[in-house]
Amino acid sequence: MSMPTIVQAGLHGLTKKRVVVPAAVLAAGAGLWPSGAFALPRPSWNPGPPWAPVDPKAAEMHMISNLFWIMLVLSAIIFIGVTGVLIYIIMRNSARPGDTEPPRQIYGSRPIEITWTAIPFVILVVAFGFTVKYIHDINTPPVGSHPLDVIARGHQWWWEFDYPTLNITTANEVHVPANVPLHFHVESADVIHSFWVPQLQRQVDANPGQDNAVFAEMDTPGIYGGDCYEYCGDAHAWMKFRMVVQPRAAFNAWAAHMKGPAVKPTSGLAAAGEKIFMSHTCVECHTIDMKGSKASGTAAPNLTHLASRWTIGAGAARMTLGDAMGWVHQPSHFKPGVLMPGYPLLSKHDTKALAAYLMSLK
Ligand code: CUA
């Protein structure tokens, strides 16, 4: 096969694949997901730029990104070196018109054997040394620091965030103070998940019955995307969360608000909605911290300050009255596979009242 024919065959194969694969995926998807699930307006979720891991916002991520650059430069030197020598040798030793003898052949040269064993050995020792140093450094909290403990517990399919020292439990949105050492305890309530905020630290598996430590100190206030990075079942893709890094005073204000109880609505739709919430199975799975509250379930997100959060359903629906109504009616419409049952038998009025109550939980 001549060169152009091979290239053409390759291109032909590619175009064929590009057309066939998405069509097959779409065809499979059409059967698996309720229609409309793809076209829903979704909350905006900013996972950070594609280069987020090399745009670190925490001291530990700076180390990981340094290691990346060191490895990249090392690899570039090797690539350029090897390619350069190869091109030089090809050009120098190519047969020329009029050559009668082949180039000089070298067999069993001890200096050459030693050189091309020693150079890779030294390169690997350097790479190994940097890797071990950085692995050690990112997993060691600064001596004498008193990190803020945050438990990040993966559930199918949402994240629970507990602050044991602050007595706060929330979900799908983790607030942390800037320039304060953090100690995340990554756990799981069911299957293996993976906790990752690309600009915070490395990915860490969330294993049932295990407390995996992540140390980090965020240096720039802002909002950073996080997600589950280990396939964990149907709604794995809707296990997003965001990390809000705040100056100390703003974080303290947030924490004080989160510690407070839910405000009981006294009139209007929201008050009617509260009665519906408290008399249905909602209370079996969700908690609403409030004097005399019947809702103390822990299987699903704590809703005490739900409406202060960014989304419903770990990124699946927007925090709006309309989406809350749709969610209560049929959550699987937004999040196929979600474990929460819908309440399609509630009247439209009751659904709206329930949603109004949820939206009042600021
Ligand atoms: Cu949890 Cu993927």
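The structure presented is a predicted model; accordingly, all values stated were derived computationally and were not measured. In listed order, ligands and their atoms are each counted from 1.
Around atom 2 (Cu) of ligand 1, the protein N, O or S atoms found under 2.8 Å comprise C228 SG, E230 O, C232 SG, H236 ND1.
Using a 4.5 Å cut-off on side-chain heavy atoms (C-beta onward), V150 and D162 make no contact.
Within a 6.0 Å radius of CZ in F130, other residues, nucleotides and ligands contribute 12 heavy atoms or fewer.
When each of V176, I151, D149, V204 is checked for a side-chain contact (heavy atoms from CB on, under 4.5 Å) with F184, only V176 meets the rule. Each of V245, V244, L148 was checked for a side-chain contact (heavy atoms from CB on, under 4.5 Å) with F251, and the lone residue meeting it is L148.
Using modelled atom types and a 3.5 Å distance limit, the side chains of N207 and S188 yield no donor-acceptor pair.
Here D289 pairs with T287, N302, T304 under the side chain to side chain contact (heavy atoms under 4.5 Å, CB included) rule; sequence neighbours left out.
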